[in-house]
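Computed from a predicted model, the values in this text were never measured in an experiment.
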Amino acid sequence: MAARSRALDSADRIYFTLAALIGSVLLVYFASVPLLGLNVAFHFYLMLWITMASAFNVASGFAGYMPFGYVAFYGIGAFTTAILVKKAAFPLFLALPLSGVAGIVLALLFAPTLRLSGIYFGIVSLALAGICRLVITNMPEQLTGGSFGLQLGSRAHPVQSFYVMMAVMVVALATILWLSRSRLGKALRATRDDADAAEMMGVNVPIVRLYGWLISAFFPAVCGGVEAWYTNVVDTETAFNTLTTAKTVIYAVAGGLGTVTGPILGAVAMVWLDELIWRQFPLLNLLILGLATIILVLFLPRGIVGTLLRKKPQWRRYIP
Amino acid sequence: MTVAIETRGLTKRFGGLVAVDKVDLRAAAGETLGIIGVNGAGKTTLMNCICGLYRPDDGGDVFVGGERVTGQAPHVVAHRGIGRTFQVPRVFRRMSLIDNLLVPVLDRKAPDAELIGRAEAMLERMQLIDLRHNHAEELSGGQQKLLEMARMLMPDPPIVMLDEPFAGVHPVLCKFMIERIEETAHAGKAVLLISHDLTSIYRLSTRVIALNQGRIIAEGGVDDIRGNPAVIEAYLGT
Ligand SMILES: Nc1ncnc2c1ncn2[C@@H]1O[C@H](COP(=O)(O)OP(=O)(O)OP(=O)(O)O)[C@@H](O)[C@H]1O
Ligand SMILES: [Mg+2]
């Protein structure tokens with residue numbers, strides 16, 4: 001018994017050492033991008049997609065939902081920051097967290113749909129995102145800038161927004177790493193695997209799902225705000241683009257839903273592949289990416305990390 | 001003897017079908033109540049009503065430790081002290097065995113390390129310890145039954161409900177499970193046991209109820225049930 005507990009402690013030590021090591025390598029790498037004159041735009045979006053895919057994973061991989069309208073949170077975040085900064089002269093450091101709050105408020109409005117499951121939830125989510133887009137499109141032009149969108153003006157600062165994006169990514173990943181080991185995370189996973197059984201084992205399923213949902217909605221909303229700042233412009237066309245959801249889903253699935261490392265690796269691999277393909281075949285970009293996704297899902301149905309961990313169950317203790 | 005679990009006039013309809021029909025049952029601490037009946041007699045539905053998964057119809061009631069729990073959410077009923085297993089195992093497929101066992105005790109104040117220690121001891125007892133980091137879906141059917149039993153016992157509930165624990169289980173494993181159930185009853189729990197395996201039912205039960213078309217057609221000690229003409233008729237047909 002004592003020996004076994006010690007073995008567990010040593011597994012934990014390996015886990016935390018690995019996490020700290022990989023975390024600091026990534027941190028140093030991303031932090032030095034602007035300093036070394038590497039491609040800031042590429043890495044900005046890499047971090048954005050890592051954050052998006054990881055946060056999406058909370059709703060899908062942890063909680064078992066497929067929110068096909070995930071872009072709604074991103075879009076609402078983008079518009080919140082843009083409107084607050086442009087129309088209400090809010091400082092960015094206040095507007096960005098408020099974007100996250102807007103995401104949470106929207107998630108609370110959508111919360112009744114958590115009773116649905118599977119494809120029904122997905123379709124309703126998609127419809128709700130469409131409604132959000134319609135509502136914003138039909139708001140007064142003075143507020144949202146209409147079809148021209150909102151220009152944030154002279155506030156653009158690629159390097160500052162790069163580091164803020166990095167901070168958002170770090171907080172998101174830390175949250176998800178915590179979640180994966182927390183009791184809430186276990187409750188969420190149990191709910192995903194069998195909600196009725198979890199409920200009969202004493203899990204307060206509606207509350208647990210709601211927490212997961214809110215976490216999952218907060219980060220894309222902040223991402224939307226940061227991206228608005230970075231690109232300096234927000235319009236409904238890009239802020240509520242379904243392609244954003246599609247990319248998020250593909251990256252998360254490619255890496256492996258339900259693992260912490262999966263969506264990170266998936267985003268890195270696919271964003272890099274996207275960039276490569278885009279350079280070689282600018283016109284066929286989406287087609288080839290779609291094919292790559294299909295092949296990946298066919299051969300690695302659980303994603304890169306998910307498939308690896310299925311082959312090597314004993315690694316699950318070290319690879320979250 | 002304190003009554004741990006009791007139902008009064010418990011009824012459940014599915015459309016026109018009355019799956020459970022005015023069932024009154026009670027089990028005291030340390031007692032094992034066997035529940036028998038042909039396929040579709042209403043045994044599983046009865047358990048589903050007791051643990052709050054289904055809301056009973058027609059004003060039927062469920063009492064746990066003398067307190068009415070009718071209409072409460074399943075997680076509330078679970079915290080009142082009911083644990084259960086399922087006819088077809090419902091393990092948390094993509095969670096490790098240890099995490100499976102932690103789910104019913106997530107609300108406990110005890111530190112994680114202590115709970116994990118208890119989960120490991122429980123897996124040891126069920127001879128699943130070597131698989132503790134595997135996902136539950138990687139277990140065989142019989143092993144999943146054992147895992148469910150361990151998961152049920154983790155929070156140490158005063159009332160346990162077992163739905164066909166022996167179905168599809170190897171005889172050696174069966175014997176092992178029977179011993180675990182005996183242990184559980186001796187530990188002072190009220191046990192509700194559904195099984196088609198009459199030998200085990202007769203061996204384990206202090207009392208037995210026989211259900212047919214949702215209704216209790218016979219009730220009593222093992223010997224009363226064994227010779228009861230209504231039971232024989234329901235089981236063998238006329
Ligand atoms: N969710 C449901 N919806 C509709 N009918 C149901 C439902 N669950 C059970 N029934 C019906 O209720 C009746 C009792 O079913 P139940 O599962 O309780 O039987 P059982 O005694 O457990 O049988 P078995 O020994 O085969 O497990 C059956 O006729 C079944 O068709
Ligand atoms: Mg049944």
*Asks:* Classify the side-chain pair Asn100(B)/Arg189(A) by whether it contains a donor and acceptor separated by less than 3.5 Å.
*Replies:* no
*Asks:* With a 4.5 angstrom heavy-atom cut-off, which part of Asp112(B) approaches chain A: side chain, backbone, both or neither?
*Replies:* both
*Asks:* Answer yes or no: is there a side-chain heavy-atom contact under 4.5 Å between Arg55(B) and Thr70(B)?
*Replies:* no
*Asks:* Is there side-chain contact between Ile319(A) and Thr259(A), with heavy atoms separated by less than 4.5 Å?
*Replies:* no
*Asks:* Between Val76(B) and chain A, with a heavy-atom cut-off of 4.5 Å, which part of the residue counts as in contact: side chain, backbone, both or neither?
*Replies:* neither
*Asks:* Most heavy-atom pairs under 4.5 angstrom with chain A, which of Met154(B), Arg84(B), His135(B)?
*Replies:* His135(B)
*Asks:* Would you mind checking which part of Leu53(B) comes under 4.5 Å of any heavy atom in chain A, side chain (CB onward), backbone (N, CA, C, O), both or neither?
*Replies:* side chain
*Asks:* Are there residues of residues 198-221 of chain A that reach to under 4.5 Å of chain B by heavy atoms, and which ones?
*Replies:* Ala198(A), Glu199(A), Met200(A), Met201(A), Gly202(A), Val203(A), Asn204(A)
*Asks:* When you measure from the centre of the six-membered ring of Tyr15(A), is the NZ or CZ of Arg181(A) closer than 6.0 Å and no more than 45° off the axis?
*Replies:* yes
*Asks:* Please indicate whether Arg26(B) has more than 12 foreign heavy atoms, meaning atoms of other residues, nucleotides or ligands, lying under 6.0 Å from its CZ.
*Replies:* no
*Asks:* Would you mind reporting whether Ile250(A) and Met270(A) have side-chain heavy atoms less than 4.5 Å apart?
*Replies:* yes
*Asks:* Check whether any side-chain heavy atom of Ile129(B) sits under 4.5 Å from a side-chain heavy atom of Arg132(B), and report yes or no.
*Replies:* yes
*Asks:* Please flag which part of Arg316(A) lies under 4.5 Å from any non-hydrogen atom of chain B: side chain, backbone, both or neither.
*Replies:* side chain
*Asks:* Can you classify the ring geometry of Tyr65(A) versus Phe121(A) as parallel (below 30°), tilted (30 to 60°) or perpendicular (above 60°)?
*Replies:* tilted
*Asks:* Can you check whether Thr51(A)'s main-chain N or O pairs, donor with acceptor, with Ser54(A)'s side chain at less than 3.5 Å?
*Replies:* no
*Asks:* Non-hydrogen atoms of chain A under 4.5 Å away: do they reach the side chain of Val77(B), the backbone, both or neither?
*Replies:* neither
*Asks:* Using the ring-ring contact (aromatic ring centres under 6.0 Å, His included) rule, pick out the option among Phe56(A), Trp272(A), Tyr74(A), Tyr251(A) that qualifies with Trp49(A).
*Replies:* Tyr251(A)
*Asks:* So which part of Leu131(B) gets closer than 4.5 Å to some heavy atom of chain A, the side chain, the backbone, both or neither?
*Replies:* neither
*Asks:* Who among Met152(B), Arg80(B), Glu137(B) has the most heavy-atom pairs with chain A under 4.5 Å?
*Replies:* Glu137(B)
